[in-house]
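All figures in this text were calculated on a predicted structure; none of them were measured in a lab.
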Amino acid sequence: MGVLAAALTSCGSEPDKRCVDGRSYDATRGYKILDSKSCSNKSGGVAPGTWYYGSDNGGGYAKSGTFEKNKAVSRGGFGCSSSSSHSGSSGG
């Protein structure tokens, strides 16, 4: 029950995000994932990392996501409808 509740509450909440090196794109693997501290700029300089939202994660790389947070949120998640024309319960 806890897993289902967590999945359903994720609808419309913060999208999954990973800190990536935006200059490291590989057509097969995606962007190289960095430590989340690399996306936090506390020294006043330019942070080496960029947040990448709603991506797949494999072998230290992230792909199939977006750099635009609002686009990741609108894609929905498990139990969410990505289209406003659908209503009712989902089949799984």
Side-chain angles (χ1 to χ4, degrees):
M1 181 73 170
V3 174
L4 179 59
L8 292 176
T9 58
S10 69
C11 181
S13 64
E14 289 290 312
D16 185 36
K17 67 182 181 180
R18 291 175 177 82
C19 184
V20 300
D21 179 351
R23 299 167 296 183
S24 67
Y25 183 74
D26 179 275
T28 304
R29 299 185 289 182
Y31 294 97
K32 184 176 181 180
I33 296 174
L34 303 173
D35 185 276
S36 61
K37 293 177 185 175
S38 297
C39 284
S40 300
N41 182 11
K42 296 181 181 177
S43 64
V46 177
T50 305
W51 290 114
Y52 192 60
Y53 300 93
S55 65
D56 296 331
N57 181 12
Y61 285 81
K63 63 179 181 178
S64 303
T66 180
F67 288 105
E68 297 179 45
K69 182 179 180 179
N70 62 341
K71 288 187 178 182
V73 172
S74 66
R75 291 192 312 184
F78 178 81
C80 300
S81 174
S82 62
S83 172
S84 61
S85 63
H86 293 109
S87 61
S89 63
S90 78

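Val20 and Cys39 get closest at one heavy-atom pair: N-SG, 4.3 Å.
Using modelled atom types, no side-chain atom of Thr50 and backbone atom of Gly22 make a donor-acceptor pair closer than 3.5 Å.
The ring-ring contact (aromatic ring centres under 6.0 Å, His included) test applied to Phe67 returns Tyr31, Tyr52, not counting sequence neighbours. Under the salt bridge (Lys or Arg N to Asp or Glu O under 4.0 Å) criterion, Asp56 pairs with no residue at all, not counting sequence neighbours. The side chain to side chain contact (heavy atoms under 4.5 Å, CB included) test applied to Asn57 returns Arg18, Ile33, not counting sequence neighbours. Checked against side chain to side chain contact (heavy atoms under 4.5 Å, CB included), Leu34 has the following partners two or more places apart in sequence or in another chain: Cys19, Asp21, Ser38.
Taken to the nearest 0.5 Å, the NZ atom of Lys63 stands 7.5 Å off from the OG1 atom of Thr28. Between atom OH of residue Tyr53 and atom NZ of residue Lys71 there is a gap of 13.5 Å, rounded to the nearest 0.5 Å.
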